[in-house]
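Counting starts at 1 for both ligands and their atoms, in listed order.
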Amino acid sequence: MAKVLISGGTGSIGNLMADFLHRQGHEVGLLSRSRQSDGTFKTYQWNIKENYVDPEALESCDYIIHLAGAGIADKAWTAGRKKEIIESRVLSTDLLYNQVKKHKTPLKAFISASAVGYYGQVTSDKIFTEKDKSANDFVGKTCFLWEQSAERFEELGIRTLRLRIGVVLMEKGGALEKMAQPIRMGVGSPLGSGKQYIPWIHVDDLIGMFYKALTSEDMSGAYNAVAPEPASNAEFTRILARVLKKNLWLPNVPAFVLKALLGERASLVLKGSRVSSQKIESAGFKFKYPSLEPALENLLAR
Ligand SMILES: NC(=O)c1ccc[n+]([C@@H]2O[C@H](COP(=O)([O-])OP(=O)(O)OC[C@H]3O[C@@H](n4cnc5c(N)ncnc54)[C@H](OP(=O)(O)O)[C@@H]3O)[C@@H](O)[C@H]2O)c1
């Protein structure tokens with residue numbers, strides 16, 4: 001049994017991760033800005049701006065899974081929100097690094113979330129691999145700074161991983177609910193050109209990847225966390241409608257409408273390239289849901 005501390009463990013991925021690790025027999029602690037706990041897991045408080053982490057959180061801690069961060073798509077990208085998105089990831093990682101260093105916590109691994117946005121909001125035929133550089137746009141820069149901060153754990157001799165996560169498909173919350181809603185109401189359609197790729201991943205596979213990262217001592221560095229078979233926005237919409245047994249009849253939502261509604265954030269849904277899952281597969285990871293249709297059937301039938 002190991003003690004695993006999950007920052008942002010109260011979030012949609014963190015909740016499921018905590019339950020999974022608990023079922024595997026591990027002791028799970030959550031690191032949260034609020035002290036509230038649902039009683040299942042011990043919740044430790046931290047305050048990033050005040051450089052505070054409950055010292056008990058790191059006591060006998062074997063692994064940190066770092067998921068905390070202000071939602072990228074949740075609010076308009078004002079200058080203040082952009083700062084919060086970056087600082088909630090970078091300063092939180094720095095804080096964990098400083099605490100681990102100060103207390104000489106003998107961590108076995110530090111596993112940080114990152115995002116495929118590392119490669120930029122672009123639609124192209126290129127298949128991005130972990131060897132590609134980060135992009136110069138807002139999300140690319142955010143992921144670069146986030147990962148750069150995580151990499152500092154290597155200086156402490158701690159095995160460090162960065163999982164560049166794609167669009168996580170889960171039953172509740174996240175992108176799938178938002179995509180399914182208009183289709184269920186009979187008004188769904190692809191977005192923009194529909195040609196942009198959606199590098200998706202089923203949440204069970206994502207949790208499996210984090211667990212693989214935690215338990216494989218030979219794994220370190222960056223790994224893309226996406227399914228091997230991506231889909232364009234048009235294909236995704238068509239398959240989702242089929243699984244929901246609904247018809248699509250409307251034309252694509254024009255890009256200008258989404259830009260008017262979402263501002264700069266529209267790039268998150270209007271752009272997208274393919275991302276390779278080769279590296280994690282070569283490390284021995286086996287996907288439960290490599291293809292989209294069975295992944296959607298599983299989630300929407302739950
Ligand atoms: N979901 C996806 O499709 C997806 C895709 C790519 C990457 N990711 C990354 O994976 C991580 C987890 O995603 P998720 O979907 O589970 O996110 P989520 O549901 O929004 O949860 C993130 C957690 O981070 C904490 N948090 C929020 N704002 C914060 C702030 N300003 N400062 C510090 N902590 C803050 C919150 O915990 P407390 O309120 O308890 O402090 C929250 O529960 C995120 O970093 C996200 O960027 C997710």
Ligand-side contact atoms (ligand 1) for residue partner S32, heavy atom cut-off under 4.0 Å = 38 (P), 40 (O), 41 (O)
What is the closest protein heavy atom to [atom], and at what distance does it sit?
{"atom": "atom 23 (C) of ligand 1", "answer": "G8 CA, 3.7 Å"}
{"atom": "atom 33 (C) of ligand 1", "answer": "I48 CD1, 3.4 Å"}
{"atom": "atom 45 (O) of ligand 1", "answer": "L67 O, 2.8 Å"}
{"atom": "atom 46 (C) of ligand 1", "answer": "R89 NH2, 3.8 Å"}
{"atom": "atom 43 (O) of ligand 1", "answer": "T10 OG1, 2.8 Å"}
{"atom": "atom 8 (N) of ligand 1", "answer": "I165 CD1, 4.3 Å"}
{"atom": "atom 17 (O) of ligand 1", "answer": "S12 OG, 4.4 Å"}
{"atom": "atom 36 (C) of ligand 1", "answer": "R33 NH2, 3.7 Å"}

Does a side-chain N-to-carboxylate-O contact under 4.0 Å join [X] and [Y]?
{"X": "E59", "Y": "K3", "answer": "no"}
{"X": "E151", "Y": "R162", "answer": "yes"}
{"X": "E264", "Y": "K82", "answer": "yes"}
{"X": "E293", "Y": "R242", "answer": "yes"}
{"X": "K286", "Y": "E281", "answer": "no"}

Any non-hydrogen atom of [X] lying under 4.0 Å from ligand 1?
{"X": "W200", "result": "no"}
{"X": "G166", "result": "yes"}
{"X": "E87", "result": "no"}

Judging by distance only, is a nitrogen or oxygen of [X] under 3.5 angstrom from one on ligand 1?
{"X": "G11", "answer": "yes"}
{"X": "I13", "answer": "yes"}
{"X": "M170", "answer": "no"}
{"X": "S34", "answer": "no"}
{"X": "W146", "answer": "no"}
{"X": "D74", "answer": "no"}

Got a second to check how far N233's CG is from L191's CG, nearest 0.5 Å?
-> 4.5 Å
Qualifying residue for side-chain contact (heavy atoms from CB on, under 4.5 Å) with I64, from I158, V100, T93, I111 = V100
Which of V275, I165, V168, L206 passes side-chain contact (heavy atoms from CB on, under 4.5 Å) with V226? It is V275
Checking side-chain hydrogen bond (donor to acceptor under 3.5 Å, both in side chains) for the pair S273/S124: CA distance, chi angles, key distance, verdict?
-> CA-CA 6 Å; S273 288; S124 70; 3.0 Å; yes
In short, T123 meets K195 closest at the heavy-atom pair CG2-O, 4.1 Å
Would K126 count as a cation-pi partner of F128, with NZ or CZ less than 6.0 Å from the six-membered ring centre and within 45° of the ring normal?
-> yes
Relative to Y223, does K279 satisfy both conditions: NZ or CZ under 6.0 angstrom from the six-membered ring centre, and within 45 degrees of the ring's axis?
-> yes
Test item: protein heavy atom less than 4.0 Å from atom 3 (O) of ligand 1 = yes
Any idea which part of Y118 is under 4.0 Å from ligand 1, heavy-atom wise: side chain, backbone, both or neither?
-> neither
Counting heavy atoms under 4.0 Å, the part of S114 that contacts ligand 1 is backbone
Do F236 and W200 have ring centres separated by under 6.0 Å?
-> no
Give the single entry among S88, G69, S7 that approaches atom 24 (O) of ligand 1 most closely by any heavy atom.
-> G69
